[in-house]
> 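Can you read through this structure? Questions will come right after.
Please read these numbers as outputs of a predicted model, since none were measured by experiment. The basis for the numbers below is simple: all heavy atoms, side chains too, and nothing from hydrogens, waters or symmetry mates.
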Amino acid sequence: MFRRMASSATGTATEGPIQQLIRKKLSSYFQPTHLDIVCESYMHNVPKGAEKHFKVQIVSDKFEGVSVIQRHRMVNSCLAEELAGPVHALRIDAHPPSKFTGQQPAPSPACRGGGHL
């Protein structure tokens, strides 16, 4: 059985060390009004307990007046070390507060295979 690791703005005890680091960095840099981080590694061909695939939903004033691609670049830049190392995939849903109405991101697609070790 796989366990979905989700978290709220303050995090949970089920977060692994990489997820905790992502939360710390994003919280510190963006000071978000909403932050949800989900480890989706269980959906992929990785060892049990791996933290390689994440989905992030973040709402921050820093995104006001910024294009979607630039928001993604900002998040990628903040997490550059993790993306160069332990994190294989990061799905980003970034909004300014003026555009966020509590919408949930679309479900992530099923894994298409491949070993991401």
Side-chain angles (χ1 to χ4, degrees):
M1 176 168 170
F2 295 107
R3 181 174 64 175
R4 178 177 184 253
M5 291 192 281
S7 54
S8 65
T10 57
T12 68
T14 61
E15 287 186 349
I18 303 300
Q19 189 171 356
Q20 290 174 8
L21 182 59
I22 290 170
R23 175 173 305 289
K24 180 179 176 182
K25 284 187 163 187
L26 293 177
S27 294
S28 176
Y29 184 80
F30 292 103
Q31 300 174 348
T33 56
H34 172 82
L35 177 59
D36 188 40
I37 303 168
V38 178
C39 180
E40 295 187 325
S41 297
Y42 70 93
M43 297 170 57
H44 301 274
N45 184 23
V46 297
K48 186 174 180 173
E51 291 184 274
K52 298 216 172 263
H53 297 254
F54 290 92
K55 176 171 57 176
V56 171
Q57 185 178 53
I58 184 170
V59 179
S60 173
D61 288 331
K62 290 192 177 199
F63 298 138
E64 286 294 349
V66 176
S67 70
V68 172
I69 193 160
Q70 191 59 34
R71 289 180 234 158
H72 284 226
R73 287 178 179 157
M74 291 167 70
V75 172
N76 285 335
S77 178
C78 181
L79 300 176
E81 289 180 45
E82 291 70 30
L83 291 168
V87 176
H88 173 76
L90 179 66
R91 179 174 170 203
I92 302 168
D93 188 32
H95 302 279
S98 64
K99 304 281 184 184
F100 185 67
T101 59
Q103 64 269 32
Q104 293 297 310
S108 295
C111 179
R112 293 182 177 249
H116 305 297
L117 302 174

> Among D36, L35, V38, which residue satisfies the side-chain contact (heavy atoms from CB on, under 4.5 Å) criterion with V56?
L35
> How long is the gap from CZ on F30 to CE on M74, to the nearest 0.5 Å?
4.5 Å
> Using a cut-off of 6.0 Å, state whether more than 12 heavy atoms not belonging to E81 lie near its atom CD.
no
> Verify, without hydrogens or angle tests, whether E51 (side chain) and Q19 (backbone) share a donor-acceptor contact under 3.5 angstrom.
yes
> Give, for atom SG of C39 and atom NZ of K52, the distance between the pair rounded to the nearest 0.5 Å.
10.5 Å
> Got R71 and P96 here, is their nearest side-chain heavy-atom distance under 4.5 Å?
yes
> Would F63 and V75 count as a side-chain contact (heavy atoms from CB on, under 4.5 Å) if you check the C-alpha gap in whole Å, the side-chain angles of each, and the deciding distance to 0.1 Å?
CA-CA 10 Å; F63 298 138; V75 172; 4.0 Å; yes
> Give the cluster check for L21 versus Y29: same hydrophobic cluster or not, with ILVMFWY residues linked at side-chain heavy-atom distances below 4.5 Å.
no
> Pair N76, I92 - check side-chain contact (heavy atoms from CB on, under 4.5 Å), show working.
CA-CA 9 Å; N76 285 335; I92 302 168; 3.4 Å; yes
> Please lay out, stage by stage, how F54 and I18 fare under the test side-chain contact (heavy atoms from CB on, under 4.5 Å).
CA-CA 10 Å; F54 290 92; I18 303 300; 3.9 Å; yes
> Can you check whether D93's main-chain N or O pairs, donor with acceptor, with Q57's side chain at less than 3.5 Å?
no
> Thinking salt bridges, do E40 and R91 make one under a 4.0 Å N-O criterion?
no
> List the steps and the verdict of side-chain contact (heavy atoms from CB on, under 4.5 Å) for I37 and I58.
CA-CA 8 Å; I37 303 168; I58 184 170; over 6 Å; no
> With distance as the sole test, does S27 use its side chain to make a donor-acceptor pair with the main-chain N or O of R23 at under 3.5 Å?
yes
> Less than 4.5 Å apart, any side-chain heavy atom of P32 and any of V59?
no
